[in-house]
Amino acid sequence: MGVIHTCPTLYFFTFEEVARLAEYVSRMPRHVSEELRGWRWSEPPLLHTSAVYLSFSDVSYGVCPTGRDVYLRRVARVKSQVLPPEVEVGYVVHAAYSAAVASAKMLALAGVATGQDFIDSMRARFEEFIHGLYASQRWGLTREEVFKTAWPVWDHASVIFGGALERGRAKRLSGDSLAAYVAPFHVEYPVEGYRLGLTQGYVDALLPPAVPVEIKVGAAAHWHRVELAAYALALEATLHTPVDFGVLVYVQPEPFHYYYAVVPIGDSLRLEFAEARDRKARLVESGVDPGAPEKCSKQCPYYHYCEVAGAGRLGGAAVLPQRRLRLGEKGREGGGGAASGGLHSGGGAGGGSERQGPGQGG
Ligand code: SF4
């Protein structure tokens, strides 16, 4: 288990925070078996032998114990029409986070003079952001609810990055150096998954040198760690550098606060990923509906479909004709899947990091 921390700043990852985190993990014990490094993807146990390529969230998402969500998305091609509010809230948090970081980098590059000017400019940009966000989708949430969820994230980013900009100015930094000092990380970093049997994903943030960060809304769950391991393995396979730790940031929108866990990506999480990947790939290959568990979470993106609309909890024989599976399905997550409506599903109910519709449930 990772260590749980509450932290006033480790969410927006200024230069000082990244350095502090690096020092912290340098003291943590680590052991990863060589055969479980991502760069050993071409040999068991990481070897992917199926023709089915799943998304990062398909593999790790743990809200449906039977994996019926994967069946509905990948085989039956069901698009979840009515999303739980938690999924939408998660999406808003992610969207606000990404846009706030991007705005902060732009303002730092543009040469904003003072921390206060920076904060004022960030706040001025919020209106445009929230208008675009609300216009981008049909929401179950009201405009006010979207606003109330996004604003604390945005405003907090303004203050944290504004302080960093002030410190960077004091060090006589400017241009790209200043932007790198204010926000020395990437959001929605693309992660190639094909070597490990996955489609392309997008980790919420990547800190230097190679620390994946996932942002989740709501309660902590074990599958968040498995998802982090999937990103770590895929990064290792691509970058050929060890990724021994990741960070999970848990955001509670109301009242707004957050905490984080530093997660060692050890052997057991790596093996859990490989087992889940193989099991869910077999499920899709079989084309058979695994049926519903005894009890379904209301946070599942398919809750309305399975439980409320009475679309069947039976499982067993496939209800729909099996579709031809595309080999090596790639592209943006959810492409061809159930819910490619454009939302990046949020952490709470859906968690997840693929740029996809919230119904993806990742
Ligand atoms: S509603 Fe239940 S059966 Fe349907 S996908 Fe979700 S957890 Fe699985």
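Computed from a prediction, not measured in an experiment: that's the story for all the values here. Both counts, for ligands and for their atoms, begin at 1 and track the order of listing.
- Counting only non-hydrogen atoms, the option in A292, G62, P301, P65 that gets closest to atom 3 (S) of ligand 1 is A292.
- Which parts of ligand 1 touch R68 is read off a 4.0 Å heavy-atom cut-off, strictly below it: atoms 3 (S), 8 (Fe).
- Atoms of ligand 1 found under 4.0 Å from any heavy atom of D69 (numbered from 1 in listed order, with element): 5 (S).
- Within ligand 1, counting atoms from 1 as listed, the ones closer than 4.0 Å to a heavy atom of C300 are 1 (S), 5 (S), 6 (Fe), 7 (S).
- Relative orientation of the W154 and F129 rings is parallel, given thresholds of 30° and 60° on the angle between their planes.
- Other residues, nucleotides and ligands place more than 12 heavy atoms under 6.0 Å from the NE2 atom of H257.
- The closest approach between a heavy atom of P293 and any atom of ligand 1 is below 4.0 Å.
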Pair F126, F147 - check ring pair (Phe, Tyr, Trp, His ring centres under 6.0 Å), show working. CA-CA 10 Å; F126 179 73; F147 180 98; 5.2 Å; yes
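- Below 4.0 Å from some heavy atom of Y302 lie the following atoms of ligand 1, by number and element: 1 (S), 5 (S).
- Using a cut-off of 2.8 Å, one finds that C296 contributes no N/O/S atom close to atom 8 (Fe) of ligand 1.
- Each of the atoms 5 (S), 7 (S), 8 (Fe) of ligand 1 lies under 4.0 Å from some heavy atom of C64.
- For Y181 and E16, the side-chain atoms include at least one donor-acceptor pair closer than 3.5 Å.
- Close approach to Y303 involves these atoms of ligand 1, each under 4.0 Å from a residue heavy atom: 1 (S).
- Classification of the Y61-W223 ring pair by plane angle, with boundaries at 30° and 60°, yields perpendicular.
- Salt bridge status for R74 with D58: present, with a side-chain N to carboxylate O gap under 4.0 Å.
- With rounding to the nearest 0.5 angstrom, the NZ atom of K148 is 11.0 Å from the CG atom of L141.
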